[in-house]
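What follows is one structure encoded as structure tokens, with my remarks underneath.
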Amino acid sequence: MSSSWSITASANPPRAAFLDYPLGHTAGQPNELAQQIEIATAALQLVETATEPGQIHVLPHQWPTPWKAKARELSDKRSERFDTPQYERADDERAAAAT
Amino acid sequence: MPLEPPLGLDIVDHIQQTRDSYAQLGYDSYRWAHEPESAAFVRPAKPLAEATVALVASGGVYQAGQVAFHHKDDTSYRRIPTDVATADLRTSHFAYDMTDARVDPNVVFPIDALRAMVDAGTIGSLTTHALTFMGGIYSQRRLTEELIPELSKEIAAMEPDVVLLVPV
């Protein structure tokens with residue numbers, strides 16, 4: 001699965017399904033299980049239907065709102081890179097320490 | 001040359017964007033992995049409906065109770081049981097907007113979709129564990145020497161018929 005055509009084309013996997021969504025949604029929209037199933041099914045069906053390596057199958061899904069102009073803005077969107085674990089929730093850190 | 005997108009598909013070119021962004025910041029250009037030849041094209045030994053599928057995802061997913069990823073070329077990985085409660089899935093990644101992934105981790109780790117596909121008979125089964133790591137590892141040497149051999153070993157030990165890679 002891929003939401004980045006250029007990176008996937010460069011890495012050149014044997015089979016790929018391209019979903020033209022903003023980064024962070026390679027497998028579909030949140031809380032849209034039916035759509036997530038469609039996407040995963042389409043990707044996995046390439047195991048049987050792809051006939052030659054290196055092709056990228058384009059999925060028909062369109063993100064519901066305009067997003068590309070913002071995605072193309074040249075700003076460094078990365079957060080600071082710490083070398084300590086970055087937990088989503090404070091509870092997780094306690095749970096990890098306990099196990 | 002890498003495969004060009006079909007006419008009419010207006011992609012956001014993340015490689016070009018990184019080049020432009022680094023140039024603007026005065027950084028040296030990042031050398032993206034480029035494979036002129038596609039990896040081996042293996043035809044399935046059995047129908048998808050009988051296949052065991054392994055999920056491998058790079059969106060920084062961990063399970064509550066596991067150590068989260070750190071953000072400096074973390075080459076570790078997590079084994080997540082495929083019967084995990086979706087509510088116990090978390091994300092930790094420095095390079096994408098995790099807002100939606102934290103609402104529904106299935107957007108980068110489609111475990112509910114895969115479980116539904118097993119129930120529906122679209123795929124045969126899932127491996128006991130999915131494997132996750134945090135992409136955005138800038139050192140290709142560390143990736144190929146540290147992470148990839150470990151992941152390959154784990155995947156081979158679970159003997160899947162198909163591996164579904166979900167990068168971010």
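The chains referred to below are lettered A, B, ... by the order of the sequence lines, with proteins before strands, and numbering in each begins at 1. Note: hydrogens, waters and symmetry copies are ignored here, and every other heavy atom, side chains too, is used.
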So what's closer than 4.5 Å to chain A heavy atoms on [X]: side chain, backbone, both or neither?
X	value
B:Ala51	neither
B:Pro47	both
B:Leu3	both
B:Gln66	backbone
B:Val53	side chain
B:Ala33	backbone
B:Asp10	both
B:Thr91	both
B:Gln63	neither
B:Asp88	neither

Which residue out of [options] racks up the most heavy-atom pairs below 4.5 Å with chain B?
options	value
A:Asp91, A:Leu44, A:Thr84	A:Leu44
A:Ala27, A:Ala95, A:Ser6	A:Ser6
A:Asp83, A:Val58, A:Asp20	A:Asp83
A:Ile7, A:Leu33, A:Thr8	A:Ile7
A:Ala17, A:Ala50, A:Ser2, A:Ala98	A:Ala50

Under a 4.5 Å cutoff for heavy-atom pairs, which residue among [options] has the most contacts with chain A?
options	result
B:Val103, B:Leu164, B:Thr122	B:Leu164
B:Ala57, B:Pro5, B:Pro2	B:Pro5
B:Gly60, B:Pro6, B:Ala120	B:Pro6
B:Gln24, B:Met134, B:Glu35, B:Arg102	B:Arg102
B:Glu4, B:Met1, B:Gln16	B:Glu4
B:Val67, B:Asp161, B:Leu165	B:Val67

Checking heavy atoms, do the side chain of [X], its backbone, both or neither come under 4.5 Å from chain B?
X	value
A:Gln35	neither
A:Ser3	backbone
A:Ala97	neither
A:Gln29	backbone
A:Phe18	side chain
A:Ala11	backbone
A:Thr49	neither

Drop me the distance from [X]'s [atom1] to [Y]'s [atom2], to the nearest 0.5 angstrom.
X	Y	atom1	atom2	answer
A:Ser4	B:His14	OG	NE2	4.5 Å
A:Leu23	B:Met98	CG	CE	13.5 Å
B:Phe109	A:Gln36	CZ	CD	12.5 Å
A:Gln86	B:His93	CD	NE2	13.0 Å
A:Phe82	B:His70	CZ	NE2	13.0 Å
A:Thr26	B:Tyr96	OG1	OH	8.0 Å

Considering all heavy atoms of both residues, which atom of [X] and which atom of [Y] are nearest to each other, and what is their separation?
X	Y	value
B:Ser38	A:Gly54	OG-N, 3.5 Å
B:His71	A:Arg81	O-NE, 2.9 Å
B:Gly65	A:Thr99	O-OG1, 2.9 Å
A:Glu88	B:Leu89	OE1-O, 4.5 Å
A:Asn31	B:Asp104	N-OD2, 2.7 Å

A:Glu48 side-chain N/O to B:Leu48 backbone N/O, donor-acceptor pair under 3.5 Å: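 Side chain of A:Glu48 to backbone of B:Leu48: a pair is present.
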Taking A:Tyr87 for the side chain and B:Phe69 for the main chain, is one N or O donor matched with an acceptor at less than 3.5 Å? no
For B:Asp28, does the CG atom have more than 12 heavy-atom neighbours from other residues, nucleotides or ligands under 6.0 Å away?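 For B:Asp28, atom CG is not crowded (no more than 12 foreign heavy atoms under 6.0 Å).
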Close side-chain approach of [X] to [Y], heavy-atom, < 4.5 Å:
X	Y	answer
A:Asn12	B:Glu37	no
B:Val12	A:Trp5	no
A:His25	B:Val168	no

Set out, in order, the CA-CA distance, both residues' side-chain angles and the distance that settles salt bridge (charged side-chain N to carboxylate O under 4.0 Å, His left out) for B:Asp13 and A:Arg72, then state yes or no. CA-CA 8 Å; B:Asp13 186 338; A:Arg72 289 186 173 119; over 6 Å; no
With a distance cut-off below 6.0 Å to the six-membered ring centre and an angular limit of 45° from the axis, does A:Arg15 pair with B:Phe41 as a cation-pi contact? yes
